[in-house]
Protein chains: 2
Amino acid sequence: MQASLHFKRQVIIMKKEQYTQYSFLLDRTARRVKQYAQTAFSQKSFDITIDQWSILKALYNKDQMTHKELAEKTGKDQPTLTRIVDIIIKKELVERVGHPADRRCLLIQLTTNGKKKVKELSPEIAQIRMKAWENLSEEDFKNFTRILNTIYDNLNIHEKQKENYD
Amino acid sequence: MQASLHFKRQVIIMKKEQYTQYSFLLDRTARRVKQYAQTAFSQKSFDITIDQWSILKALYNKDQMTHKELAEKTGKDQPTLTRIVDIIIKKELVERVGHPADRRCLLIQLTTNGKKKVKELSPEIAQIRMKAWENLSEEDFKNFTRILNTIYDNLNIHEKQKENYD
DNA sequence: CAGCAATTATTAGTATGACAAGTAAAATTA
DNA sequence: TAATTTTACTTGTCATACTAATAATTGCTG
């Protein structure tokens, strides 16, 4: 009986340690995916980073967005977004425009140059991104998406907002 | 026939775009997991970051490791590791010792203080880490691990080394 | 409408991540 | 054994992530 309890506790501890392993795996894989794409970007002299690209791409489907909208869309926080936008403004790919109704807001939009870049690079980048997902089935993608979303929701900082919905 | 081909191409394009979505989800989730733990660390005044913790934890199971070993174990590159070690040395949690046989190497080991910290925080941190993995089944963990490893291997930069094994 | 609270964006500070270049020591080889 | 290559670590630079603090503006409320 004692031994059995002891064993059970051991299993629980091992289980807990395993969760740390999952976090490690997740982090490692995300970094590798990013790094792989970034290396390809550099080799092909796209002169742009993954994160800068995600901003351009988001703008391409929407014409104009405020910092806040862009941050939400691309999953970045506002300070990070401000800096990335600064960089791609220097590269003359986007421009800031005042918001007509709210002087606090700034609208970001692609320049002609920026639009051209998105159009040109889109297919190549889609190709690069695909590499990560070889040897996986439709079923895998479904599960993967569900699991990632579950994790995300488990840690949802704004959960209380959800509760207000009902 | 034309229409069918057109439709097929559309599907392929949508498929490619979806891969970018997976990358986004992966990145976003990994950041959230890290951020959640970091916030908990701060609230509990652990006075340490996730990445610093992973170094301490690795050392706890091994007594001494060189920078190189530590970097591999924790999945960090050497410059990053050097900097993290610098920080936790300042915090007096680890110390650098010369390698007896190879003067290029430096061995890192926990101080008494560091060992105490690991022992004290381990259970609390395991608890924090668990939160992310709620609402998931054993089957999910198995799939998740397999999928992450598949992705990692798909992008393995050192693949050629594998080929040398046979 | 005056004062206060909330919102939007920026700036500053710290930490991590990736890559390139540099230094010192060991291992290899001619 | 001298010269070359490899290995281990460090430093520098740029980009991103997150927090906190600040400035400007808007919206709300008494």
Side-chain angles (χ1 to χ4, degrees), chain A residues 23-24 27-43 46-55 65-72 74-91 96-108 155 157, chain B residues 24 27-43 45-55 65-72 74-91 96-108 155 157:
Chain A
S23 305
F24 170 76
D27 188 58
R28 188 181 76 155
T29 307
R31 272 188 288 127
R32 170 67 56 97
V33 168
K34 199 164 183 175
Q35 185 197 5
Y36 175 82
Q38 190 58 63
T39 301
F41 278 30
S42 298
Q43 280 173 355
F46 287 173
D47 189 31
I48 209 176
T49 68
I50 312 295
D51 301 284
Q52 289 161 22
W53 172 253
S54 73
I55 310 287
M65 280 199 255
T66 64
H67 275 209
K68 193 183 177 188
E69 288 170 331
L70 254 184
E72 268 165 25
T74 58
K76 313 214 162 288
D77 56 34
Q78 290 206 21
T80 300
L81 189 81
T82 296
R83 275 169 189 126
I84 296 180
V85 169
D86 284 344
I87 293 173
I88 54 182
I89 283 179
K90 263 189 207 144
K91 294 183 179 173
R96 282 200 182 94
V97 186
H99 191 290
D102 188 338
R103 282 196 297 166
R104 288 170 306 181
C105 297
L106 294 170
L107 291 167
I108 316 296
L155 306 181
I157 297 153
Chain B
F24 170 76
D27 188 58
R28 187 181 78 154
T29 307
R31 271 187 289 126
R32 169 67 53 100
V33 168
K34 198 165 182 173
Q35 185 196 5
Y36 175 82
Q38 190 58 64
T39 301
F41 278 31
S42 297
Q43 278 172 355
S45 302
F46 288 173
D47 190 31
I48 209 176
T49 67
I50 313 294
D51 300 282
Q52 289 161 21
W53 172 255
S54 73
I55 310 287
M65 280 199 256
T66 65
H67 276 207
K68 195 186 172 181
E69 288 169 333
L70 254 184
E72 269 166 23
T74 57
K76 314 209 166 288
D77 60 15
Q78 289 208 20
T80 300
L81 188 80
T82 295
R83 278 165 188 132
I84 297 180
V85 169
D86 284 344
I87 293 172
I88 52 182
I89 282 179
K90 262 187 207 147
K91 294 184 180 174
R96 283 203 181 91
V97 186
H99 191 290
D102 187 339
R103 283 196 296 166
R104 288 172 306 182
C105 298
L106 294 170
L107 291 168
I108 316 298
L155 307 180
I157 298 154

Under 4.0 Å between a side-chain N or O of [X] and OP1 or OP2 of [N]?
| X | N | answer |
| --- | --- | --- |
| A:Arg96 | C:dT10 | yes |
| B:Gln52 | C:dT16 | yes |
| B:Ser42 | D:dC18 | no |
| A:Gln35 | C:dC19 | yes |
| A:Arg103 | D:dT26 | yes |
| B:Thr82 | D:dT10 | yes |
| B:Lys34 | C:dG17 | yes |
| B:Thr80 | D:dT10 | no |

- Minimum-distance nucleotide to B:Asp77 side chain [options: C:dT10, D:dT11, C:dA18]: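 From the listed options, C:dA18 comes nearest.
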
- Query: If you check every side-chain atom of A:Ile87, which of D:dC18, D:dA15, C:dA20 has the closest atom?
  - Reply: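 Between D:dC18, D:dA15, C:dA20, the one nearest the side chain of A:Ile87 would be D:dA15.
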
- Message: Could you check whether B:Asp27 pairs with B:Arg31 (Lys NZ or Arg NE/NH1/NH2 to Asp/Glu carboxylate O, under 4.0 Å)?
- Response: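 Between B:Arg31 and B:Asp27 there is a salt bridge, with a charged N closer than 4.0 Å to a carboxylate O.
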
Between [N] ([atom2]) and [X] ([atom1]): distance, integer Å:
| X | N | atom1 | atom2 | result |
| --- | --- | --- | --- | --- |
| A:Lys76 | C:dT8 | NZ | P | 20 Å |
| B:Leu107 | C:dA25 | CG | P | 16 Å |
| B:Asp27 | C:dA18 | CG | P | 12 Å |
| A:Glu69 | C:dT7 | CD | P | 15 Å |
| B:Gln78 | D:dG12 | CD | C1' | 16 Å |
| B:Leu81 | C:dG17 | CG | P | 10 Å |
| B:His99 | D:dC9 | NE2 | C1' | 14 Å |
| B:Arg31 | D:dA15 | CZ | C1' | 13 Å |

- Would you say B:Gln38's side chain and B:Ile50's backbone share a donor-acceptor pair under 3.5 angstrom?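 Answer holds: yes.
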
- Please figure out whether B:His67 or A:Ile50 has its closest DNA chain D nucleotide nearer the 5' end.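 Between the two, 5'-proximity favours B:His67.
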
- Query: How do B:Asp102 and A:Thr49 order along DNA chain D: which one's closest nucleotide is nearer the 5' end?
  - Reply: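 Going by which nucleotide is closer to the 5' end, it is B:Asp102.
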
- Item | Side chains of A:Thr39 and A:Gln43 in contact at under 4.5 Å (non-hydrogen atoms) |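 Yes, close enough: below the 4.5 Å cut-off.
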
- Message: Is any side-chain heavy atom of A:Ile89 closer than 4.5 Å to one of A:Ile108?
- Response: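 No; the side chains remain at least 4.5 Å from each other.
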
- Apply the side-chain hydrogen bond (donor to acceptor under 3.5 Å, both in side chains) test between B:His67 and each candidate in B:Arg96, B:Lys76, B:Gln78; give the one that qualifies.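 Of all the options given, the one that passes is B:Arg96.
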
- Could a donor-acceptor pair under 3.5 angstrom be found where the side chain of A:Arg104 meets the base of C:dT7?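 Between C:dT7 and A:Arg104, which were checked side chain against base, a qualifying N/O pair under 3.5 Å is present.
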
- Message: Taking atom types as they are modelled, would you say the side chain of A:Arg83 forms a donor-acceptor pair with the base of D:dA17 within the 3.5 Å cutoff?
- Response: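 No such pair is found, so the answer is no.
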
- Task: Map B:Ala101 and B:Asp51 onto DNA chain C by nearest heavy atom, then report which one ends up closer to the 5' terminus.
- Result: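 Checking each residue's closest nucleotide, the 5'-ward one belongs to B:Asp51.
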
- Could you point out which residue of A:Val85, A:Ile88, A:Asp47 forms a side chain to side chain contact (heavy atoms under 4.5 Å, CB included) with A:Gln52?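 Result for side chain to side chain contact (heavy atoms under 4.5 Å, CB included) with A:Gln52: A:Ile88.
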
